[in-house]
**Student:** 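Okay, handing you the structure first.
Numbering of residues begins at 1 and proceeds along the displayed sequence. Any value given below was found using the heavy atoms of this structure, including those in side chains, with hydrogens, waters and symmetry copies removed. Please read all numbers here as calculations on a predicted model, not as lab measurements.
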Amino acid sequence: MTTTVPEAEVLRDALGLLKDREQVAERLLASSAKHSFDPDKELDWDAPFEDGKWFWPPELVSLYDTPLWKRMSEEQRILLSRHEAAALASLGIWFELILMQLLVRHVYDKAATSAHVRYALTEIEDECRHSKMFARLIAHGGTPWYPVSRAHQNLGRVFKTISTTPGSFTATLLGEEILDWMQRLTFPDERVQPLIRGVTRIHVIEEARHVRYAREELRRQMLTAPRWSQEFTRITSGEFARVFSVAFVNPEVYTDVGLDRRQAMAQVKASGHRREVMRTGARKLTDFLDDIGVLRGVGRRMWQASGLLA
């Protein structure tokens, strides 16, 4: 008589035994049923913005503590936070469109009746709502939509076409965890506009499930994927880290608030505070990726070059 050993008993990495894929998905589906939100109904879109309140915590605004920041008026600093919040929402939409396509590719040939696939479809529903929420926030704030550069648009198109499964989940975590760290600082901050706090609160609660799903699947993939796929993941994730770190600041915001674009970009690049913000925001993720073997070789050097890893 042959005994089948459950997958959870044989898959182990530096973090310990992996949890059963179906059990993880069932728990996430139950959480989704209890803690999902309709932003159109949950948030007060008719309330006016409050005078003197920020649209992003000042310490997270790209120019914070630079010489240029110190010369700006409080009104101009708040205006910059308004445009940077719109730029980050625009970046979030770009990223979530990529993520939704990666998730569809992931489940394309898997059993549609499995909890793992049903949760992926639930996450796609979440991301659709988030993208609409971000788009409405941009329109409500009276700022432009800030698309990523044409080069980054094309790189994203290539990446979502050629990415392997572990590469897809690494990129998912990169896009989700840094913004999540910033938003966890934003939604309880009473200096920030109530609408922004409401948007970030919804996003944080729902993204926590997405991070859990991606982390568990990436651990599995880094144990079971072919060696070439693991190495390809290390390199492509390093390149995506570089792209994401650059795309995190949209230079058009400086022009739109009356600043010299070239001077502002130079000061952001030289800012020790900004460098520390980005590394701190990525630290939880980079520690995890290091533990499961993603940050090795050439890929690790690319992450270091991105500024997200010391």
**Student:** What's the verdict on salt bridge (Lys or Arg N to Asp or Glu O under 4.0 Å) for D65 and R274, showing C-alpha distance, side-chain angles and the deciding distance?
**Tutor:** CA-CA 9 Å; D65 203 33; R274 183 63 180 180; over 6 Å; no
**Student:** V192 and R197: which non-hydrogen atoms are nearest, and at how many Å?
**Tutor:**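 Taking V192 first and R197 second, the nearest heavy atoms are O-CD, 3.3 Å.
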**Student:** Tell me whether R118 is salt-bridged to E26, with the criterion being a basic N under 4.0 Å from an acidic carboxylate O.
**Tutor:**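 Salt bridge: yes.
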**Student:** Do V117 and T113 come close enough that some side-chain heavy atom pair is under 4.5 Å?
**Tutor:** no
**Student:** Indicate yes or no: does D287 engage R283 in a salt bridge with an N to O separation below 4.0 Å.
**Tutor:**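 Not counted as a salt bridge, because no side-chain N and carboxylate O are separated by less than 4.0 Å.
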**Student:** What orientation do H210 and H130 show, parallel under 30°, tilted 30 to 60°, or perpendicular over 60°?
**Tutor:** tilted
**Student:** For side chain to side chain contact (heavy atoms under 4.5 Å, CB included), just list the numbers for R209 and D126, CA-CA rounded to whole Å, side-chain angles, deciding distance to a tenth of an Å, and then say yes or no.
**Tutor:** CA-CA 10 Å; R209 299 191 293 265; D126 291 346; 3.6 Å; yes
**Student:** Does a side-chain heavy-atom distance below 4.5 Å link Q230 with P166?
**Tutor:** no
**Student:** Q76 side chain to V257 main-chain N or O, any donor-acceptor pair under 3.5 Å?
**Tutor:**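 Checked: pair present.
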**Student:** Would you say that more than 12 heavy atoms from the other residues, nucleotides or ligands in this model lie under 6.0 Å from the CG of D44, or not?
**Tutor:**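 Enclosed: over 12 neighbouring heavy atoms sit under 6.0 Å from CG of D44.
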**Student:** To the nearest 0.5 Å, what is the distance between CH2 on W94 and NE2 on H152?
**Tutor:** 7.0 Å
**Student:** Before you tell me yes or no, could you show the steps for E231 and R296 under salt bridge (Lys or Arg N to Asp or Glu O under 4.0 Å), namely the whole-Å CA-CA distance, both residues' side-chain angles and the distance that decides it to 0.1 Å?
**Tutor:** CA-CA 9 Å; E231 189 57 36; R296 294 180 183 172; over 6 Å; no
**Student:** Restricting to non-hydrogen atoms, name the atom on I98 and the atom on K160 that form the minimum distance, rounded to 0.1 Å.
**Tutor:** CG2-CB, 4.1 Å
**Student:** Which heavy atom in Y119 sits nearest to a heavy atom in S32, and how many Å separate them?
**Tutor:** CE1-OG, 3.5 Å
**Student:** Evaluate the ring pair (Phe, Tyr, Trp, His ring centres under 6.0 Å) criterion for residues F49 and H140: first the C-alpha distance (whole Å), next the side-chain angles of each, then the deciding distance (0.1 Å), finally the verdict.
**Tutor:** CA-CA 10 Å; F49 289 123; H140 188 71; 5.2 Å; yes
**Student:** Tell me yes or no: between the side chains of Y146 and H83, is some donor less than 3.5 Å from an acceptor?
**Tutor:**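 Short answer, yes.
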**Student:** Mark yes or no for whether R201, through its side chain, and P188, through its backbone, hold a donor-acceptor pair below 3.5 Å.
**Tutor:**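 Pair absent, no side-chain N/O of R201 close to backbone of P188.
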**Student:** Does this structure show an ion pair linking E276 with R279, if we count only N-O contacts that are shorter than 4.0 Å?
**Tutor:** no
**Student:** Counting N and O atoms only, with roles assigned by atom type, does the side chain of S31 sit under 3.5 Å from a partner on the main chain of L28, one being a donor and the other an acceptor?
**Tutor:**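 No; zero donor-acceptor contacts below 3.5 Å.
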**Student:** Would a 4.5 Å heavy-atom cut-off, applied to side chains only, mark L285 and W181 as touching?
**Tutor:** no
**Student:** Can a salt bridge be assigned to the pair E216 and R212 using a cut-off of 4.0 Å between side-chain N and carboxylate O?
**Tutor:** yes
**Student:** Is it true that T172 and Y213 share a donor-acceptor pair across their side chains at a distance under 3.5 Å?
**Tutor:**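 Their side chains do not contain a donor-acceptor pair, so the 3.5 Å distance test is not met.
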**Student:** Run the salt-bridge test on R191 and E59 with the 4.0 Å N-O cut-off and return the result as yes or no.
**Tutor:** yes
**Student:** Under a 4.0 Å threshold between the charged nitrogen and the carboxylate oxygen, would D40 count as salt-bridged to R136?
**Tutor:**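 Salt bridge between R136 and D40, a charged N being under 4.0 Å from a carboxylate O: yes.
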**Student:** Verify, without hydrogens or angle tests, whether Q193 (side chain) and E50 (backbone) share a donor-acceptor contact under 3.5 angstrom.
**Tutor:** yes
**Student:** Stepwise, does the salt bridge (Lys or Arg N to Asp or Glu O under 4.0 Å) test hold for R220 with D13?
**Tutor:** CA-CA 9 Å; R220 177 173 286 101; D13 61 12; over 6 Å; no
**Student:** Please round to the nearest 0.5 Å and tell me the distance separating atom CZ of R129 and atom CG of D38.
**Tutor:**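 Here the rounded value is 7.5 Å.
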**Student:** Is any side-chain heavy atom of L308 closer than 4.5 Å to one of R242?
**Tutor:** no
**Student:** Under a 3.5 Å distance rule, please check whether S168 uses its side chain to pair with a backbone N or O of L102 as donor and acceptor.
**Tutor:** no
**Student:** Dump the intermediate steps for side chain to side chain contact (heavy atoms under 4.5 Å, CB included) on L259 and Q263, then the final yes or no.
**Tutor:** CA-CA 8 Å; L259 298 173; Q263 182 187 32; over 6 Å; no
**Student:** Given M302 and I235, is the side chain to side chain contact (heavy atoms under 4.5 Å, CB included) satisfied, shown in steps?
**Tutor:** CA-CA 8 Å; M302 294 171 74; I235 294 170; 4.1 Å; yes
**Student:** How far apart are the C-alpha atoms of R105 and T164, what are their side-chain angles, what is the distance that settles it, and do they pass the side chain to side chain donor-acceptor pair (under 3.5 Å) test?
**Tutor:** CA-CA 10 Å; R105 284 182 56 199; T164 60; over 6 Å; no
**Student:** Which residue, V277, T280, V204, forms the side-chain contact (heavy atoms from CB on, under 4.5 Å) with M182?
**Tutor:** V277
**Student:** State whether E190 and K53 are salt-bridged, where the test is any N-O pair (Lys NZ or Arg NE/NH1/NH2 against Asp/Glu carboxylate O) under 4.0 Å.
**Tutor:** no
**Student:** Under 4.5 Å between side-chain heavy atoms, hopping through other hydrophobics if needed: is there a path connecting I202 to F187?
**Tutor:**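 Shared cluster, no.
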**Student:** For the residue pair E84 and S62, establish whether any side-chain heavy-atom pair is separated by less than 4.5 Å.
**Tutor:**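 Yes, side chains in contact.
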**Student:** Stepwise, does the side chain to side chain donor-acceptor pair (under 3.5 Å) test hold for E22 with H116?
**Tutor:** CA-CA 6 Å; E22 286 295 279; H116 184 74; 5.4 Å; no
**Student:** Give the C-alpha distance, both sets of side-chain angles, the deciding distance and a yes or no for side chain to side chain contact (heavy atoms under 4.5 Å, CB included) between F248 and L179.
**Tutor:** CA-CA 10 Å; F248 224 84; L179 277 171; 3.8 Å; yes
**Student:** Taking all non-hydrogen atoms of both residues into account, name the closest pair between R77 and W69 and its distance.
**Tutor:**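 In this case the closest contact between R77 and W69 is NH2-O, 2.9 Å.
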**Student:** In terms of side-chain heavy atoms, does S237 have a donor or acceptor partner in W303 at a distance below 3.5 Å?
**Tutor:** yes
**Student:** Counting distance only, does the side-chain N/O of E127 pair as donor-acceptor with the main-chain N or O of L97 below 3.5 Å?
**Tutor:**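 Looks like no, no N/O pair under 3.5 Å.
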**Student:** So with a 6.0 Å cut-off around NZ of K110, is the heavy-atom count from everything else above 12?
**Tutor:** yes
**Student:** For M222 and G293, work out which heavy atoms get closest and say how close.
**Tutor:** CE-O, 3.9 Å
**Student:** Side-chain contact, heavy-atom cut-off 4.5 Å: W54 with I196?
**Tutor:** no
**Student:** Let me confirm one number: the CD1-CD distance from I205 to E207, rounded to the nearest 0.5 Å.
**Tutor:** 11.5 Å
**Student:** Can you check whether V268 reaches T66 side chain to side chain, under 4.5 Å on heavy atoms?
**Tutor:** no
**Student:** If you measure from OG1 on T143 to CZ on F55, what distance do you get to the nearest 0.5 Å?
**Tutor:** 9.0 Å
**Student:** Are the side chains of Y254 and L80 in touch, meaning some heavy atoms are under 4.5 Å apart?
**Tutor:**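 Yes, their side chains come closer than 4.5 Å.
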**Student:** Quick one: OG1 on T186 to CG on D180, what's the gap to the nearest 0.5 Å?
**Tutor:** 10.5 Å
**Student:** Is it true that the side chains of S229 and R234 contain a donor and an acceptor less than 3.5 Å apart?
**Tutor:**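 Judged by distance alone, the side chains do not pair up.
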**Student:** Within the supplied structure, the quantity of interest is the number of heavy atoms (other residues, nucleotides, ligands) at a distance under 6.0 Å from W45 CH2; does it exceed 12?
**Tutor:** yes
**Student:** Consider only side-chain N and O atoms of Q221 and T165, and report whether a donor and an acceptor are under 3.5 Å apart.
**Tutor:**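 Judged by distance alone, the side chains do not pair up.
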**Student:** Search all heavy atoms of P147 against all heavy atoms of Q153 and return the closest pair with its distance.
**Tutor:**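 Residues P147 and Q153, closest heavy atoms: CB-NE2, 4.5 Å.
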**Student:** Quick one: CZ on F288 to CG on L218, what's the gap to the nearest 0.5 Å?
**Tutor:**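 CG of L218 is found 5.0 Å from CZ of F288.
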